[in-house]
Number of protein chains: 2
Amino acid sequence: MRGKDRTQGSGQGSGQGSGQGSGQGLGKSGHLDFPRPLTTVDVVIFAILDDRLQVLLVQRPAGEDEPFPLSLALPGGFVDVAKDRDLAACAARKLKEKSGVSSPYLEQLGSWGSATRDPRGWSATHAYFALIPPDASVLTSDARWCPIGAGFKEKLAFDHGEILASAIQRLRNKVEYTSLPAYLMPAEFTLPDLQRVYEIVLDRPLEKSAFRTRILSADMIEPVANMRRGPNRPAQLYRLRKGRDPVYFVRTFNPPE
Amino acid sequence: MRGKDRTQGSGQGSGQGSGQGSGQGLGKSGHLDFPRPLTTVDVVIFAILDDRLQVLLVQRPAGEDEPFPLSLALPGGFVDVAKDRDLAACAARKLKEKSGVSSPYLEQLGSWGSATRDPRGWSATHAYFALIPPDASVLTSDARWCPIGAGFKEKLAFDHGEILASAIQRLRNKVEYTSLPAYLMPAEFTLPDLQRVYEIVLDRPLEKSAFRTRILSADMIEPVANMRRGPNRPAQLYRLRKGRDPVYFVRTFNPPE
DNA sequence: ATACTTAGTTGTACAGTCCAACTTATTTAG
DNA sequence: CTAAATAAGTTGGACTGTACAACTAAGTAT
């Protein structure tokens, strides 16, 4: 471990430990030659498939020197300082590589960093979460969709179980009061379809009429010419309004309890 | 730049580019000897002082090889892989060093990483934001409180203007529908005090009666024995209920417009 | 034609905010 | 000692949006 003078910088001397400049083994030449954490980006990719909320997971490679060989993990990997302009670009790249999708909903989830999460040393990951429509997924061979619900927290590599749990929680939270599920829908869908997706994610039934007024008054979807025909009354088809950011509602649907 | 075989790992070959294990210049021995981004943690520390929302900023050190010498910046610095157990601990340490406060509200804000944000190379910062009460601040010499509002976005070092803007937005958002401002209050305070703080952060007046019912029904504060006396009718003093997480309200106060 | 099923609407009850006016408790001025 | 001033706190009606349940509408299956 280099940079023994590093510790000196963490006190409260003037100018030290502040900003990205000082306080860490930065000699007279500014070499910044102290150990740096490993830096990765992971993406939690959600889709509704088979009427279930599913996550895209990949299997870790086999090998003696691989951490968590053959375990399931979130798609992700090291930031490539030569290729990735920024973190979002890195996340978008990994999303594209694994799911084939390029412009869905992609939001930063948070970061996890510690000395112990990766056996190879201090590491930090920047986690993103993505919502993609069910028709868009073109998978690579090592990736597969896994329905959530099973006890992932224990089984996934690294702390990915924790990250996934956090993503699910964030998704559920936002579904309570935003239009996020719209990004999980195919190009055209009906209002009952959309309500179904809300119910799948929230895992509880919602009121039909309140749901309809909320969604329609949010002005986030617009009707198309066609109707969906079936064995009963046809339903109006809608599509997402273009360039629309997620809408925040101010009240929850009929709340649990 | 080492690790020329690095690019080979970013394709979609089986097992490559997935997880923190493979895909990057990892030779037969697993050395992980490719360039890593600089890793820092920055903290946006808010307090209400002089009836204004203020942020704690530090001045960057002078010096030829320092980026943004003498500019104002968020308190923060490199992750110390020897000292910091995890990111939150690192943030708490930096908060303590600069403000003297140890257990306020500390929440992860997000991360910013790119090739260009630091002139010394690819860097990523993990940003936190903290709320501290007005009576708790014991500053170090290089730190000072700055009222928000002035065009920080341009003047701060690195992309700290952007991070600060994001923190302010998050704070305002959350104040609309949570009890977060409670963490900005001194140990004992009155309901009108609390309402004042909400109004300062949101920069608009709120309805007294709706405010009171909301706050009181949220069950996050409890009355103490005393009253605050003054030149007019005394007001009931309250304190934060212990171990209470922020409460989420489901409706905004009288919304702007 | 009739039953069945799902789409979509309507109406009443209720909860919480908005707004404005009101009451209450104290200090200060005369 | 009373009256004015001021801020704390309460009350009630208008309004908005949800919860719930019953209803109508439009198609298929028999």
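In what follows, chains are A, B, ... by sequence order, proteins preceding strands, each numbered from 1.
In this structure, the CZ atom of Arg196(B) is 11 Å from the P atom of dG9(D), given to the nearest Å. When rounded to the nearest whole Å, the span between CG of Leu216(B) and P of dA8(D) equals 14 Å. Rounded to whole angstrom, the span from the CG atom of Leu191(B) across to the P atom of dA25(C) amounts to 17 Å. Atom-to-atom, CG of Asn232(B) to C1' of dA4(D) comes out at 13 Å; the value is rounded to the nearest Å. Protein atom CZ of Arg228(B) is 16 Å distant from nucleotide atom C1' of dA25(C), rounded to whole Å. If you measure from atom CZ of Arg212(B) to atom P of dC19(C), you get 18 Å, rounded to the nearest angstrom. Rounded to whole Å, the distance from NZ on Lys208(A) to P on dA25(D) is 14 Å. As a whole-Å value, the separation of Glu207(A) CD from dA22(D) P is 12 Å.
Looking at which nucleotide of DNA chain D each of Leu237(B) and Pro231(B) is closest to, the 5′-most match is held by Pro231(B).
Between Phe211(A) and Tyr198(A), the ring center distance clears the sub-6.0 Å criterion.
Side-chain contact of His126(B) with Ser111(A): a donor-acceptor pair under 3.5 Å is present, judged by distance alone. A donor atom on one side chain and an acceptor atom on the other are found under 3.5 Å apart for Glu107(B) and Tyr105(B).
Closest to the side chain of Thr213(A), from the set dT17(C), dT18(D), dT28(D), is dT18(D). For Pro234(A), the side-chain atoms get nearest to dA26(D) when compared with the rest of dA7(C), dT18(D), dA26(D).
Between Glu222(B) and Arg241(B), at least one side-chain N (NZ, or NE/NH1/NH2) sits under 4.0 Å from a carboxylate O, which counts as a salt bridge.
With hydrogens and angles ignored, no donor-acceptor pair closer than 3.5 Å exists between the side chain of Ser209(B) and the base of dC18(C). For a distance-only test at 3.5 Å, the side chain of Arg233(B) qualifies as a donor-acceptor partner of the base of dA8(D).
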